[in-house]
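Position 1 is the first residue of the sequence, and the numbers go up from there. First listed ligand is number 1; within each ligand, the first listed atom is number 1.
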Amino acid sequence: MRLQEKACLITGAGSGMGKTAARMFAAEGAKVAVLEIDETSGKETAEEIREAGGSAEYFACDVSKEESVKEAVEKAYDSFGPPEVLYNNAGIMPAEDHSVIDTDEAVWDRVFSINVKGIYFMCKYVIPQMAQRQRGSIINIASFVASMGCSVPQDAYTASKGAVISLTKSLAIQFRPKGIRSNAICPGPIETPLMTEWLLKDEQARQLRLSRQPSGRFGRAEDIVHCAVYLASDEADWTNGAIIQIDGGITSNYF
Ligand code: NAD
């Protein structure tokens, strides 16, 4: 029970790594606020946790819309009290995001509005609440692609995740003196709906990535969330500004 009684806000918790995080955080005793744009999957996540004896509630939230974020954060505060953990997990990787030379402006803007502006809005409303008690942990999900080029480009996504890393460092420096830690996890390719809907249907992209993967398999959501549980817990008191690659070793592989 490493997260006993901690109020944890998890964005995009209706699917993939966010959903696994909601389940694993609740199993560690957390009170989980499921912030999700998709009502059906968000409600399902919260209900599954409650049925398993955990504490969770669904709050409708589009992280790219300031009013929606403000409302969800206020409602979560009313239900669970001051948040101790903000897990900025929501992100998109649309198939239309390709090279800069053939990606539409609207696609670029959509990716940035969720992957980057979403974190800005969440931090804008959650950090002042955390600061009241001088404690908190912000976990931002970036990606291994932020530190690598890619022969199958997804330029808006890659640039957005670079921005997540930069923002994480700035938050870590600004807010640690106020008791709030900020860290980022850079997952390698993980088998979640986000990836299976795109990459695993593209046999060439799949084989390229597997051939460079020293662990011989794609990641599982749990591989990432074990690290997030640590970052959320008091064990990570001196872990701040860390950018943690969890990728099976793919980014270390000079091919
Ligand atoms: P997923 O598609 O399975 O889940 C993402 C969730 O975010 C969905 O439930 C979706 O409804 C929600 N969401 C989308 N837009 C939203 C919005 N505007 N407001 C609130 N919620 C919204 O994806 P996943 O693979 O679990 O990815 C989670 C995070 O990990 C993302 O930030 C992604 O970029 C990152 N990531 C994924 C991989 C991978 O290989 N799967 C690798 C590196 C990083």
Side-chain angles (χ1 to χ4, degrees), residues 9-24 33-46 58-73 76 86-95 97 109-122 139-148 150 152 154 156-165 167-168 184-200 202 205-206 209-210 213 215 217-225 227-228 243-248 250-251:
L9 276 65
I10 306 177
T11 67
S15 168
M17 285 184 264
K19 181 169 183 156
T20 301
R23 271 199 289 105
M24 287 174 64
V34 173
L35 271 59
E36 170 59 61
I37 194 169
D38 181 70
E39 188 177 339
T40 307
S41 64
K43 282 185 169 165
E44 264 173 28
T45 300
Y58 166 68
F59 302 95
C61 181
D62 177 348
V63 296
S64 69
K65 301 277 185 315
E66 184 161 7
E67 264 315 301
S68 173
V69 168
K70 185 169 181 283
E71 198 178 311
V73 169
L86 168 58
Y87 192 153
N88 285 311
N89 163 81
I92 60 164
M93 189 175 69
D97 174 20
D109 286 346
R110 190 156 66 90
V111 170
F112 268 73
S113 74
I114 295 170
N115 294 9
V116 185
K117 205 158 72 168
I119 296 184
Y120 149 55
F121 286 148
M122 289 301 304
I139 303 163
N140 292 330
I141 299 300
S143 170
F144 76 118
V145 300
S147 52
M148 299 179 86
C150 188
V152 186
Q154 32 179 192
Y157 182 80
T158 302
S160 76
K161 294 302 189 179
V164 172
I165 291 175
L167 181 59
T168 303
I185 301 176
C186 299
I190 309 291
E191 284 187 284
T192 66
L194 176 137
M195 198 178 67
T196 41
E197 272 163 28
W198 171 66
L199 189 61
L200 300 187
D202 181 338
R206 178 187 165 82
R209 278 167 175 75
L210 270 184
Q213 176 52 267
S215 296
R217 66 165 173 87
F218 288 110
R220 302 180 187 111
E222 290 79 0
D223 293 324
I224 302 305
V225 179
C227 178
I243 309 300
I244 305 172
Q245 305 275 355
I246 302 186
D247 59 13
I250 195 168
T251 53

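Side-chain contact of Ser64 with Asp62: a donor-acceptor pair under 3.5 Å is present, judged by distance alone.
Look at Ala142 and you'll find a heavy atom under 4.0 Å from some atom of ligand 1. Heavy-atom distances between Ser113 and ligand 1 stay at or above 4.0 Å for every pair. For the ligand labelled ligand 1, residue Met93 lies outside the 4.0 Å heavy-atom shell.
Residues Arg110 and Ile92 form a side-chain contact, since some pair of their non-hydrogen atoms from C-beta on lies under 4.5 Å apart. Taking the side chain as every heavy atom from C-beta outward, Pro189 and Phe144 approach each other to under 4.5 Å. Ile141 places a side-chain heavy atom less than 4.5 Å from the side chain of Tyr87. Side-chain contact between Leu35 and Val63 is absent, with no heavy-atom pair separated by less than 4.5 Å. Between Asp247 and Cys186, every side-chain heavy-atom pair lies at or beyond the 4.5 Å cut-off. No side-chain heavy atom of Ser143 sits less than 4.5 Å from a side-chain heavy atom of Met93. Two residues are said to be in side-chain contact when any heavy atoms from C-beta on lie closer than 4.5 Å; Cys227 and Ile244 meet this criterion.
Ranking protein heavy atoms by distance to atom 2 (O) of ligand 1, first place goes to Leu194 CB, 3.3 Å. Annotation: atom 10 (C) of ligand 1 to nearest protein heavy atom, Glu36 OE2, 3.4 Å. Protein heavy atom in closest approach to atom 14 (C) of ligand 1: Ile92 CG2, 3.9 Å. Among all non-hydrogen protein atoms, the one lying nearest atom 41 (N) of ligand 1 is Thr192 OG1, 3.1 Å. The nearest heavy-atom contact from the protein to atom 42 (C) of ligand 1 is Gly188 O, 3.3 Å. Closest to atom 40 (O) of ligand 1, if we only count protein heavy atoms, is Ile190 N, 2.8 Å. In terms of protein heavy atoms, atom 6 (C) of ligand 1 is closest to Gly12 O, 3.5 Å. Annotation: atom 26 (O) of ligand 1 to nearest protein heavy atom, Met17 N, 2.8 Å.
Distances below 4.0 Å separate heavy atoms of Ile141 from the following atoms of ligand 1: 29 (C), 30 (O), 35 (C). Every atom of ligand 1 with a heavy atom of Cys61 under 4.0 Å away is listed here by number and element: 19 (N), 20 (C). When each atom of ligand 1 is checked for a heavy atom of Asn89 under 4.0 Å away, the hits are 28 (C), 29 (C), 31 (C), 32 (O). Of all the atoms in ligand 1, the ones that sit under 4.0 Å from a non-hydrogen atom of Pro193 are 3 (O). Every atom of ligand 1 is numbered from 1 in the order shown, and the set under 4.0 Å from a heavy atom of Asp62 is 17 (C), 18 (N), 19 (N). The contact set between ligand 1 and Gly16, taken as ligand atoms under 4.0 Å from a residue heavy atom, comprises 3 (O), 26 (O). The atoms of ligand 1 that sit less than 4.0 Å from any heavy atom of Pro189 are 40 (O).
No part of Ser41 comes within 4.0 Å of ligand 1, judged by heavy-atom distances. Only the side chain of Tyr157 comes within 4.0 Å of ligand 1, counting heavy atoms alone; its backbone N, CA, C and O stay farther away. Within the 4.0 Å heavy-atom criterion, both parts of Val63, backbone and side chain, lie near ligand 1. Using a 4.0 Å cut-off between heavy atoms, Lys161 contacts ligand 1 through its side chain alone, with no backbone atom that close. Using a 4.0 Å cut-off between heavy atoms, Cys186 makes no contact with ligand 1 at all.
Interatomic distance, CG of Leu9 versus CD1 of Ile139, reported as 11.5 Å (0.5 Å rounding). To the nearest 0.5 Å, atom OG of residue Ser147 and atom CD1 of residue Ile165 are 6.0 Å apart. Rounding to the nearest 0.5 Å gives a distance of 7.5 Å between CD of Glu67 and CD of Glu71.
When all heavy atoms of Val225 and Ala21 are compared, the pair lying nearest together is CG1-CA, 3.6 Å. The shortest heavy-atom contact between Met148 and Thr158 is O-CG2, 4.3 Å.
Within the set Gly91, Ser15, Ala146, Gly42, the minimum heavy-atom distance to atom 4 (O) of ligand 1 is found for Ser15. The nearest non-hydrogen atom to atom 21 (N) of ligand 1, considering only Ile37, Val145, Thr45, comes from Ile37.
Checked for salt-bridge contact, Lys43 and Glu39 meet the test: a charged N lies under 4.0 Å from a carboxylate O.
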**Report entry** Residue pair Ser41, Glu36: steps toward the side-chain contact (heavy atoms from CB on, under 4.5 Å) verdict
**Finding:** CA-CA 8 Å; Ser41 64; Glu36 170 59 61; 3.9 Å; yes
